[in-house]
Amino acid sequence: MDSSLQEIWQTAPGSPFLPSVGKGSQFLVGFVLLLLGLSLTGAFALNRSLTNLPLYGVPASLSIAWEHIFTMTSSAESVPPQQPLFRAVASSTRQIYQLLKCISFTSKVQVQITEDGIRFTADHSRVMQGVAFLDKALFTSYTLNVATEDEAASLPEFQMNLAALLEALQIFGATDVAARAAKAEAEAYRSNLRNYRPDAFNHQSLGMPGTCCIMYEQDGSPLSIILEETGVNTQCNLVTYTPESPDDIPFDRNDLSFKIIMQARWLLDALSELAPLAPVRIAITASPEKPYLSLSSGGGLGSASVNFSSGRDLLETFSVRDHWAQSFKFDFIKSASEAMRIANKVSFRGDGQGVLSLQFMVEIEGGAVSFLDFRFVPYVTQEDEDIGSEEDEDDA
């Protein structure tokens, strides 16, 4: 590069360009030029001749032309840029990825953006639902611009492809500890140690910088994921769909048959013991007497059950109103295993109509807490079928 050109580049930041007319005076100068142009145009109209053309006509044209330039410049600068409907910035994608990975049992999710956070709802045939709530505490910046008069009706809500969102979040190699654990459990040999602990080479341990910006311009626009890491920026625009607004699986918190709080890893270990039998169903029983909590299943390779005692070291909270027993599809319960891996505690609840609720508490870096909520509809028992047939006979 020529030395003179290099000197120009180096000295350019020290001498920025300053317009001859400041931004605050451009409108006033344009208005004065407009009045001058109109006056010269009127004078030329009264004295139309070739001698008056350079005296009145040309200056009038130049005045009106420069007036348009100054007016357009000032009006363009006075219009503020349109603010997006929603914008949030997170310092890492790892936590967001791990939470959303827990409800990846369906391809599409329902998204609702509120003042407190983002709610992702996954539904499978109205018999299983998973909800991941990204609290605003997970983000360093969280801005939602909605109308104040009817805030509930104007909250952004849409449907989107969850698999595409997960792929976008891990473009820069987001740590997927749960996926490594699943691969390790599929092997013939598996150590007794918990093989899904984070290693020394993840992004958190290495301290690799990066930010994630989630932006939603307006209703119907794509959801933009803007990732920045070590100077590399990537923007992914994900298509959004019209929301279907499915109803939540009804769960009566005022009619709880039992409530048990324990470490999430105990539930994960219990499912790991039952999984080798390839069961179709899993029976869950809660009783005020022994066995206090029992998980049992059977398959072509045999049957097995895991019983929990009521000690405080195992079950932190144990409240059973009466005997409760229901059967569920084993694959549905197993779909919540990702949440069991990353969660610290699980609230095990069942209501009077047989719906099972698993609410997981996940501790996030910095002391924040996020929750994952799963609901399962049980199989219809023989007693329910008999009651239904009797009601049909009475109606007949």
Side-chain angles (χ1 to χ4, degrees), residues 98-99 102 128 130-131 177-178 181-182 184-185 190-198 251-253 255-277 279 281-299 302-352 354-364 367-376 378:
Q98 286 186 340
L99 291 173
C102 297
M128 175 184 178
V131 177
V177 180
E185 289 186 352
R190 182 169 69 95
S191 172
N192 292 328
L193 297 176
R194 305 197 66 80
N195 51 21
Y196 45 86
R197 290 176 178 172
F251 182 76
D252 192 356
R253 294 182 175 85
D255 186 23
L256 291 181
S257 297
F258 75 94
K259 178 180 180 180
I260 298 173
I261 298 178
M262 62 181 179
Q263 298 292 323
R265 62 177 181 269
W266 303 141
L267 182 59
L268 177 61
D269 290 340
L271 292 181
S272 300
E273 296 294 335
L274 301 177
L277 301 177
R281 295 190 179 191
I282 179 173
I284 301 176
T285 304
S287 175
E289 300 177 353
K290 291 185 178 181
Y292 300 101
L293 176 63
S294 176
L295 279 69
S296 58
S297 63
S303 59
S305 63
V306 178
N307 299 328
F308 294 85
S309 63
S310 62
R312 293 281 299 179
D313 54 342
L314 189 61
L315 304 180
E316 299 182 7
T317 300
F318 182 80
S319 175
V320 180
R321 187 181 63 187
D322 49 16
H323 184 79
W324 189 92
Q326 296 291 342
S327 296
F328 303 88
K329 190 173 182 179
F330 183 82
D331 289 340
F332 288 166
I333 305 297
K334 189 179 178 181
S335 298
S337 59
E338 297 290 343
M340 301 175 195
R341 298 180 198 278
I342 68 173
N344 300 89
K345 298 180 181 181
V346 56
S347 177
F348 213 97
R349 299 176 298 175
D351 64 358
V355 176
L356 176 66
S357 171
L358 298 179
Q359 189 175 60
F360 298 92
M361 184 186 73
V362 183
E363 294 183 358
I364 307 299
V369 176
S370 292
F371 291 94
L372 298 167
D373 190 10
F374 291 83
R375 295 181 182 181
F376 307 91

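Owing to the predicted nature of the structure, the values given are computational and were not obtained by experimental measurement.
Legend: residues meeting salt bridge (charged side-chain N to carboxylate O under 4.0 Å, His left out) with Asp351, ordered by chain and number and at least two apart, are absent. Under the ring-ring contact (aromatic ring centres under 6.0 Å, His included) criterion, Phe376 pairs with no residue at all, not counting sequence neighbours. Annotation: side chain to side chain contact (heavy atoms under 4.5 Å, CB included) contacts of Ile364 (sequence neighbours excluded): Gln95, Leu138, Val362, Ala368, Ser370. With sequence neighbours excluded, the residues forming a side chain to side chain contact (heavy atoms under 4.5 Å, CB included) with Asp331 are Lys329, listed by chain and number. Listed by chain and number, the residues in a side chain to side chain donor-acceptor pair (under 3.5 Å) with Arg375 amount to none (sequence neighbours excluded). The side chain to side chain donor-acceptor pair (under 3.5 Å) test applied to Lys345 returns Glu316, not counting sequence neighbours. With sequence neighbours left out, the side chain to side chain contact (heavy atoms under 4.5 Å, CB included) criterion links Ser347 to Lys259, Ile261, Arg349, Gln359. Listed by chain and residue number, nothing satisfies the side chain to side chain donor-acceptor pair (under 3.5 Å) test with Glu363 (two or more places apart in sequence, or in another chain). Partners of Arg281 according to the salt bridge (charged side-chain N to carboxylate O under 4.0 Å, His left out) rule, which considers only residues two or more places apart in sequence or in another chain, do not exist here. Residues that satisfy the salt bridge (charged side-chain N to carboxylate O under 4.0 Å, His left out) test with Asp252, not counting sequence neighbours, are absent from this structure.
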Worksheet item: Is there a side-chain contact (heavy atoms from CB on, under 4.5 Å) between Leu295 and Ile333 once you walk through the steps?
Response: CA-CA 11 Å; Leu295 279 69; Ile333 305 297; over 6 Å; no
Worksheet item: When you look at Leu293 and Trp324, which way does the side-chain contact (heavy atoms from CB on, under 4.5 Å) test go after all the steps?
Response: CA-CA 10 Å; Leu293 176 63; Trp324 189 92; over 6 Å; no
Item to complete: With side-chain contact (heavy atoms from CB on, under 4.5 Å) as the test, would you mind laying out the steps for Leu314 and Met262 before giving the verdict?
Response: CA-CA 6 Å; Leu314 189 61; Met262 62 181 179; 5.9 Å; no
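Rounded to the nearest 0.5 angstrom, Arg265 CZ and Asn344 CG are separated by 9.0 Å. Atom CG of residue Asp269 and atom CE of residue Met340 lie 10.5 Å apart, to the nearest 0.5 angstrom. To the nearest 0.5 Å, the span separating CG on Leu358 from CD1 on Ile284 amounts to 7.0 Å. Distance check: Leu267 CG to Ser337 OG gives 10.0 Å after rounding to the nearest 0.5 Å. Interatomic distance, Phe374 CZ to Ser335 OG, rounded to the nearest 0.5 Å: 8.0 Å. To the nearest 0.5 Å, atom OG of residue Ser319 and atom CD1 of residue Ile260 are 9.0 Å apart.
Contact of the Leu268 side chain with the Arg341 side chain is registered, since non-hydrogen atoms from C-beta on lie closer than 4.5 Å. Contact annotation: the side chain of Asp373 approaches that of Ser357 to within less than 4.5 Å [non-hydrogen atoms, C-beta and beyond]. You'll find the side chain of Ser309 stays beyond 4.5 Å of the side chain of Leu315, heavy atoms only. Phe371 places none of its side-chain heavy atoms less than 4.5 Å from the side chain of Leu99.
Pairs passing the ring-ring contact (aromatic ring centres under 6.0 Å, His included) check and including a residue from residues 304-323, sequence neighbours excluded, read Tyr292-Phe318. Counting only residues at least two apart or in different chains, ring-ring contact (aromatic ring centres under 6.0 Å, His included) contacts with residues 325-346 comprise His124-Phe332.
Ala343 and Ala264 make their closest contact through O-CB, 3.7 Å (heavy atoms, listed as atom of the first residue, atom of the second, distance). When all heavy atoms are compared, the tightest approach of Leu274 to Ala304 is CD2-O, 3.7 Å. Closest non-hydrogen pair, Pro279 versus Ala275, comes out as CD-O, 3.9 Å. Of all the heavy atoms in Ala339 and Phe360, the pair that sits closest is CB-CD1, 3.7 Å.
Between Phe258 and Phe348, the angle of the ring planes lies from 30° to 60°, which puts this pair in the tilted group.
Test Val306, Asn307, Thr285 against Pro291 for side chain to side chain contact (heavy atoms under 4.5 Å, CB included) and you get one pass: Asn307.
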